[in-house]
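Worksheet for the structure shown next.
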Number of protein chains: 2
Amino acid sequence: MNISTAAKLADLPVKTVRYYADIGLVVESGRSESGYRVYDDAALRKLAFIRKARAIGFSIDECRELIGLYQDSARSSADVKRIAGHRLEQIEAKQQELASLHHELSRLIASCRGDERADCPIIDFLG
Amino acid sequence: MNISTAAKLADLPVKTVRYYADIGLVVESGRSESGYRVYDDAALRKLAFIRKARAIGFSIDECRELIGLYQDSARSSADVKRIAGHRLEQIEAKQQELASLHHELSRLIASCRGDERADCPIIDFLG
DNA sequence: CTTGACCTTCCTGTTACTGGAAGGTTTATA
DNA sequence: TATAAACCTTCCAGTAACAGGAAGGTCAAG
């Protein structure tokens, strides 16, 4: 199938599929006579795999590792769990950071009258 | 004062101060004969203001607005509160997204034995 | 006078794409 | 059969907010 068909079936933009091919993440299975990219079912499955992994928040590099494991029948589930655990730690770190920001910012907003006067605790805090 | 002194006092990397000057966010107050950037106290205060605003998570464009309000004695606190409120909404949206990811990923991780066998619910989910 | 610590501009790389230009191919229709 | 629409290709630029580094000028100390 052509790239647009593969993209549609994998639920990815054509541009993204071409990008994944460029960086060697999911390469097309071949080329037509005229130079068009051709995708087979195996390549299609990889594209869909990547889309799901990206949706979970894995980086491209992590996806590269994951797809290696995906294709490696001799993989250990420990390897997969390690990568996923690392990603979970990143999520938790970001969550802590956001919670702290939310706390501080909502406190500032609550203390600001938000009227036409210049007096503003938010500016005071920053200045 | 020179850029390195200003950077130290504002607690910012020299590279960042130069970058802020390049994009017109905080321009140096002058140049020495030899072309060195010179910062006065007003510029220094702006740099420190920006550092704090960035730490709260405001984007450079939001910082541009905020520093405009910071210097505008006729500002209304409502304008500041609006920008801060917008940022708070972004934080909350990101928090929801992360909470959802955390939920899904921790569930997958918990169900994965993480041993030397290939069988892995994380891969199953992605594949 | 030379060494080292400054400073300058300019270029590249980062993440993961997206948009667009210029141009070739295929398919459907008039 | 001509042509227009809808594909496809490569390449370049831009996004956010810097960081690293090269090449080269400046300044203060010993």
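These values consider heavy atoms only, across backbone and side chains, with no hydrogens, waters or symmetry-generated copies. Each chain gets a letter, A, B and so on, in the order its sequence line appears, and its residues count up from 1.
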Set of salt bridge (Lys or Arg N to Asp or Glu O under 4.0 Å) partners for B/K94, sequence neighbours left out: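 Salt bridge (Lys or Arg N to Asp or Glu O under 4.0 Å) list for B/K94, sorted by chain: B/E97.
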
Expected output: side-chain A/K81 to main-chain B/C112 donor-acceptor under 3.5 Å: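 Checking the backbone N and O of B/C112 against the side chain of A/K81, a donor-acceptor pair under 3.5 Å is found.
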
What is the minimum heavy-atom distance between [X] and [Y], and which atoms define it?
X: B/A10; Y: B/L47; answer: CB-CB, 3.7 Å
X: A/A53; Y: A/L66; answer: CB-CD1, 4.4 Å
X: A/R87; Y: B/L105; answer: CG-CD2, 3.5 Å

Donor-acceptor contacts, no H, no angles, side chain residues 115-127 of chain A, under 3.5 Å, sequence neighbours left out:
from   : atom 1 : to     : atom 2 : distance (Å)
A/D115 : OD1    : A/R117 : N      : 2.9
A/D115 : OD1    : B/S77  : OG     : 3.2
A/D115 : OD2    : A/R113 : NE     : 3.0
A/D115 : OD2    : A/R117 : NE     : 3.1
A/D115 : OD2    : A/R117 : NH2    : 2.8

Nucleotide N/O of nucleotides 23-29 of chain C paired with protein N/O under 3.5 Å:
from   : atom 1 : to    : atom 2 : distance (Å)
C/dG24 : N2     : A/Y36 : OH     : 2.7
C/dT25 : O4'    : A/Y36 : OH     : 3.1
C/dT26 : OP1    : A/S34 : OG     : 3.1

Within residues 3-19 of chain B: residues closer than 4.0 Å to DNA chain C (heavy atoms):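 Result for residues 3-19 of chain B: B/I3, B/S4, B/R18, sorted by number.
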
Positions of residues 59-66 of chain A (non-hydrogen atom under 4.0 Å from DNA chain C), listed by number: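 The answer is A/S59, A/I60.
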
Distance-only side-chain donor-acceptor flag, B/D79 / B/S76, under 3.5 Å: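 Result is yes, a qualifying pair exists.
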
Partner residues of A/D61 under the side-chain contact (heavy atoms from CB on, under 4.5 Å) criterion, sequence neighbours left out: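 With neighbours one apart ignored, the set is A/S59, A/R64.
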
First-last contacting nucleotides on DNA chain D - partner chain A, under 4.0 angstrom, heavy atom: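 From 5' to 3', the first and last contacting nucleotides are D/dC7 to D/dT10.
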
Distance, nearest 0.5 Å, that separates [atom1] of [X] from [atom2] of [Y]:
X: B/S29; Y: B/M1; atom1: OG; atom2: CE; answer: 8.0 Å
X: B/R45; Y: B/D40; atom1: CZ; atom2: CG; answer: 8.0 Å
X: A/Q96; Y: B/L98; atom1: CD; atom2: CG; answer: 12.0 Å

Nearest-angstrom distance from the residue atom OH of A/Y20 to C1' of C/dC17: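 Between C1' of C/dC17 and OH of A/Y20: 8 Å.
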
Protein-nucleotide distance (A/R54, atom CZ; C/dT15, atom C1'), rounded to Å: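 Roughly 9 Å, once rounded to whole Å.
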
Bend angle of the helix from C/dC1-D/dG30 to C/dA30-D/dT1, from helix axes over five pairs at each end, nearest 10°: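 Nearest ten degrees gives 30° for this helix.
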
Listed once per pair and sorted, the ring pair (Phe, Tyr, Trp, His ring centres under 6.0 Å) pairs that draw on residues 61-96 of chain B, sequence neighbours left out: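 Passing the test, one end in residues 61-96 of chain B: B/F49-B/Y70.
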
Ring pair (Phe, Tyr, Trp, His ring centres under 6.0 Å): pairs with one or both residues in residues 5-43 of chain B, sequence neighbours excluded: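 Residue pairs with at least one partner in residues 5-43 of chain B: there are none.
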
All ring pair (Phe, Tyr, Trp, His ring centres under 6.0 Å) counterparts of A/F58, not counting sequence neighbours: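 Partners of A/F58 under the ring pair (Phe, Tyr, Trp, His ring centres under 6.0 Å) test: none.
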
B/E92: partners by side chain to side chain donor-acceptor pair (under 3.5 Å), with sequence neighbours left out: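 Once residues adjacent in sequence are excluded, the partners of B/E92 under the side chain to side chain donor-acceptor pair (under 3.5 Å) criterion are A/H102.
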
